[in-house]
Amino acid sequence: MEYRLIHEKSIVVDAHNDVLSGAVARGHNISKRLDSGNTDLVRLKEGGVDVQVFAIFCDDSFGTGVAFTEAEKQADAFKMLINENSGKIVATRNLDEISHAVESGKIAAMLAIEGGHMLEDDISKLHKIAEWGVCYLTLTWNNSTSWASSAVDEFNATRNGKTVSVRGLSEFGREIVFAMNQLDIVVDLAHAGPRTFFDAVECSSKPVIVSHGNAYAICPVVRNLADDQIRAVANTGGVIGVTFYAPFVDAVYTDKIELLKKKYSGFVAMLEGQGLKGGRLLERLFNKYPQEAELIRPSVSQVVDHIDYMVNIAGIDHVGLGSDYFATTTHPFPKGMADVTGYPLITQELSARGYPEHAIEKILGGNFLRVLTVV
């Protein structure tokens with residue numbers, strides 16, 4: 001079957017997009033096609049995305065007394081998005097609701113939380129987010145909590161002698177996981193340090209996921225998964241969402257960026273003098289030199305290399321998609337996938353590699369539907 005027909009027939013699930021924090025909560029209207037960024041409802045439909053998980057996110061600058069309030073703000077923004085666009089999108093939490101939405105030509109929306117620090121060490125807040133219909137909670141972001149250590153902190157503690165208050169899950173962390181199991185909130189181990197990762201796998205009675213992460217063997221960065229982690233997720237019955245985020249796809253992507261910055265060091269210095277850094281600086285650099293920026297992007301084939309690798313280790317039932325698009329920029333994402341219209345290219349590449357239709361349907365969404373929905 002021609003790949004576009006397979007794509008249209010499949011229920012495509014993206015397990016992680018940060019457009020909620022990156023655009024919606026900031027007042028951007030994603031109901032219409034935007035002339036910037038990578039995500040809106042129009043382009044999601046064009047990309048064939050049937051189920052979009054919207055992640056509530058705030059970084060570690062949001063501490064106790066602020067983080068949960070920010071989560072509530074974004075949950076309210078999610079509700080407003082749904083209410084104001086009822087003809088295009090609907091909030092869902094189970095297979096029946098998703099099926100009805102897809103049959104009606106609407107995007108099925110699910111809500112998640114990226115970062116356990118938003119609980120503010122208060123397990124009662126977990127019960128509150130369950131009332132919002134949250135489908136998964138990412139135990140940590142790059143910052144550790146008092147009860148779970150992140151991949152970044154565990155990595156730095158091992159190599160730089162950094163002190164991390166918790167290495168793995170504390171007893172309270174285990175209580176959080178137990179409560180999540182009881183509340184039908186899926187445990188997401190993206191960003192979790194290896195000790196936290198395996199502690200959570202051990203104590204969870206239900207399948208765990210990694211909403212967005214790739215294979216360490218192909219791209220050895222701290223956020224990607226070692227082979228034993230890939231197997232561990234599969235052994236719980238869970239799913240790993242392969243991400244399109246270039247630094248996790250291409251092992252030399254960061255080196256390419258540094259070479260570009262060095263080549264145009266004068267322009268970079270000017271931007272730094274204006275107070276720009278990180279993603280904002282790179283966006284200006286890429287806009288200034290778009291042809292060279294395009295050459296830096298990884299290929300769709302490189303993304304599917306990660307899918308191939310994980311399927312070979314975990315099996316066809318345990319791999320899905322978790323884009324990690326974050327709303328405001330078209331970098332750093334693969335060629336042809338600068339925005340959410342590019343999902344059919346994944347299907348095209350899978351088909352070209354000889355994946356049968358039923359296997360493609362599982363990777364595109366069937367596997368995550370099995371785990372993320374409450375029956």
Side-chain angles (χ1 to χ4, degrees), residues 1-17 19 30-35 37-54 85 87-90 92 95 98-110 212 214 239-246 249 294 297-311 316-325 330 333-370 372-373:
M1 183 181 291
E2 201 266 340
Y3 80 91
R4 287 195 174 275
L5 295 178
I6 296 174
H7 196 79
E8 291 171 5
K9 180 180 177 183
S10 302
I11 296 180
V12 179
V13 179
D14 175 20
H16 193 90
N17 187 313
V19 67
I30 69 164
S31 67
K32 60 182 182 180
R33 181 189 294 275
L34 301 176
D35 58 7
N38 53 52
T39 304
D40 53 58
L41 300 188
V42 176
R43 285 182 286 175
L44 281 171
K45 289 295 291 184
E46 290 178 4
V49 178
D50 299 293
V51 183
Q52 180 62 69
V53 181
F54 291 81
N85 297 280
K88 298 178 180 179
I89 188 169
V90 60
T92 58
L95 283 172
I98 288 171
S99 297
H100 185 265
V102 172
E103 290 169 2
S104 302
K106 299 178 183 180
I107 296 169
M110 304 183 80
H212 55 301
N214 288 348
V239 186
I240 299 165
V242 168
T243 177
F244 312 155
Y245 182 60
V249 173
E294 191 67 20
R297 295 183 190 271
S299 66
V300 173
S301 179
Q302 287 176 279
V303 175
V304 178
D305 286 345
H306 287 271
I307 294 175
D308 269 349
Y309 189 89
M310 291 190 185
V311 167
I316 195 64
D317 295 318
H318 305 289
V319 184
L321 305 178
S323 70
D324 204 18
Y325 282 119
T330 58
F333 298 104
K335 293 181 178 71
M337 302 193 72
D339 67 15
V340 295
T341 62
Y343 287 89
L345 297 178
I346 298 291
T347 306
Q348 182 181 30
E349 183 66 20
L350 289 170
S351 181
R353 294 191 186 198
Y355 279 82
E357 180 183 347
H358 75 275
I360 294 175
E361 289 178 348
K362 287 184 176 184
I363 293 167
L364 292 182
N367 292 333
F368 264 122
L369 286 180
R370 186 188 74 248
L372 291 181
T373 55

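Only this structure's heavy atoms are used, side chains among them; waters, hydrogens and symmetry mates stay out.
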Trainee: Under 4.0 Å between a Lys/Arg side-chain N and an Asp/Glu carboxylate O for D317 and K362?
Mentor: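 A salt bridge is present here (some side-chain N lies under 4.0 Å from a carboxylate O).
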
Trainee: For a quick test of reading the model, state the closest non-hydrogen atom pair linking T330 to G37 and the distance between them.
Mentor: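 Closest approach of T330 to G37, heavy atoms only: CG2-O, 3.5 Å.
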
Trainee: Using every non-hydrogen atom in the two residues, find where I107 and L41 come nearest and quote the distance to one decimal.
Mentor: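 In this case the closest contact between I107 and L41 is CD1-O, 3.8 Å.
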
Trainee: State which residues pass side-chain contact (heavy atoms from CB on, under 4.5 Å) with N38; sequence neighbours excluded, sorted by chain then number.
Mentor: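 Scan of N38 (side-chain contact (heavy atoms from CB on, under 4.5 Å), adjacent residues dropped) gives Y325, F333, D339.
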
Trainee: Should T92 and M110 count as side-chain neighbours, where that means a heavy-atom distance under 4.5 Å?
Mentor: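 Heavy-atom side-chain distance check passes, below 4.5 Å.
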
Trainee: Taking G105's backbone N and O only, do any of them form a donor-acceptor pair with K45's side chain (distance below 3.5 Å, no angle check)?
Mentor: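 The answer is yes, because a donor-acceptor pair under 3.5 Å joins these two groups.
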
Trainee: Do you know which of D14, T39, V242 makes side-chain contact (heavy atoms from CB on, under 4.5 Å) with S323?
Mentor: D14

Trainee: Is the side chain of E8 donor-acceptor paired with the backbone N or O of L5 at a distance under 3.5 Å, no angle test?
Mentor: no

Trainee: What residues form a ring pair (Phe, Tyr, Trp, His ring centres under 6.0 Å) with H212, not counting sequence neighbours?
Mentor: H16, H191

Trainee: In plain terms, say whether R297 and E294 are close enough for a salt bridge, that is, a side-chain N and a carboxylate O under 4.0 Å apart.
Mentor: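 Counted as a salt bridge, because a side-chain N and a carboxylate O are separated by less than 4.0 Å.
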
Trainee: Of the non-hydrogen atoms in A108 and A101, which two are nearest, and what is the gap between them?
Mentor: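 Scanning both residues, the minimum pair turns out to be CB-CB, 4.0 Å.
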
Trainee: Before you tell me yes or no, could you show the steps for D308 and Y355 under side chain to side chain contact (heavy atoms under 4.5 Å, CB included), namely the whole-Å CA-CA distance, both residues' side-chain angles and the distance that decides it to 0.1 Å?
Mentor: CA-CA 10 Å; D308 269 349; Y355 279 82; 2.3 Å; yes

